[in-house]
Amino acid sequence: MNRRQALLSLGSLAGAGALALKNAGNAHAHSPNNFYQGTLPYDFTSLEGFLSAESVQSHYANHHRPHVDGANHFIEEIAKARSAENWALIPELSRDLSRHINGHNLHVVYWQSMAPHGGGDPTGDVAHHIETHFGSPEGFRRQFRAEARALRGNGWVLLVWEPVSARLLVTSVEGNTDAMLHNAAPILALDLFEHAYYPDYGHRRDDYIDKFFDVLNWDFAAVQLKRNHH
Ligand SMILES: [Fe+2]
């Protein structure tokens, strides 16, 4: 599967409301009601220069995968608690489920937000929206960078489409649990958990943030925008 096909198949899931990579080579059985981890649309080595193959592989297997397993686990646990009428357990299970679903969905957007030949400036509709809402691609980059540098601790910085105001916004999320803008659709995501940058950058977190723009996948932003902007 080439990158274009991967993007198109991801776009085809728009109606399902679930962000998941749909790959023909996925060896894990799944049902429409469960979360699963698709394979990345590029090799682990493809982002070298920004991220090492080792760190991408470890991130994918040791930090993204547990969210997929966790989401499926807590769906089952909630069903068990419901069957047993053990309602006191529900609120905490529900929070755990949300945390894992957010963790999974945001990683899916993060992987797609990078491409081996990414970078540069957006074109077409994305360029139009970036210029309308941020003044210029450089205005967007500087705002996104400022948001990322200011985020304390683990979390995410996102470019989102806010449907009520019909605007692109830059926003950040602390951890996986804090509320995101409701109904806002992630267009691009940067993982700022320590596990994302520490293996390659150590304490040079700002370098990781700056170099993200060199691999930024504007093609994916275009697909996401088209899915969410009606
Ligand atoms: Fe991560």
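We number each residue from 1, following the sequence as shown. Worth knowing before you read on, the calculation uses all heavy atoms, side chains too, and leaves out hydrogens, waters and symmetry mates. In each ligand, atom 1 is the first atom listed, and ligand 1 is the first ligand listed.
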Exercise. Check the surroundings of atom CG in D69: do more than 12 heavy atoms from other residues, nucleotides or ligands lie under 6.0 Å from it?
Key: yes
Practice problem: Among H195, H67, H64, find the residue that satisfies the ring pair (Phe, Tyr, Trp, His ring centres under 6.0 Å) test when tested with H59. | Solution: H195
Quiz item: What is the NE2(H107)-the Fe ion (ligand 1)-NE2(H59) angle, to the nearest 10 degrees?
Solution: 90°
Practice problem: Would you please indicate yes or no on a ring centroid separation below 6.0 angstrom for F50 and Y208? | Solution: yes
Quiz item: Short question: side chain of R145, backbone of F213 - any donor-acceptor pair under 3.5 Å?
Solution: no
Quiz item: N/O/S atom of H64 under 2.8 Å from the Fe ion (ligand 1), yes or no?
Solution: no
Quiz item: Do you know which N/O/S atom name in D191 is closest to the Fe ion (ligand 1)?
Solution: OD2
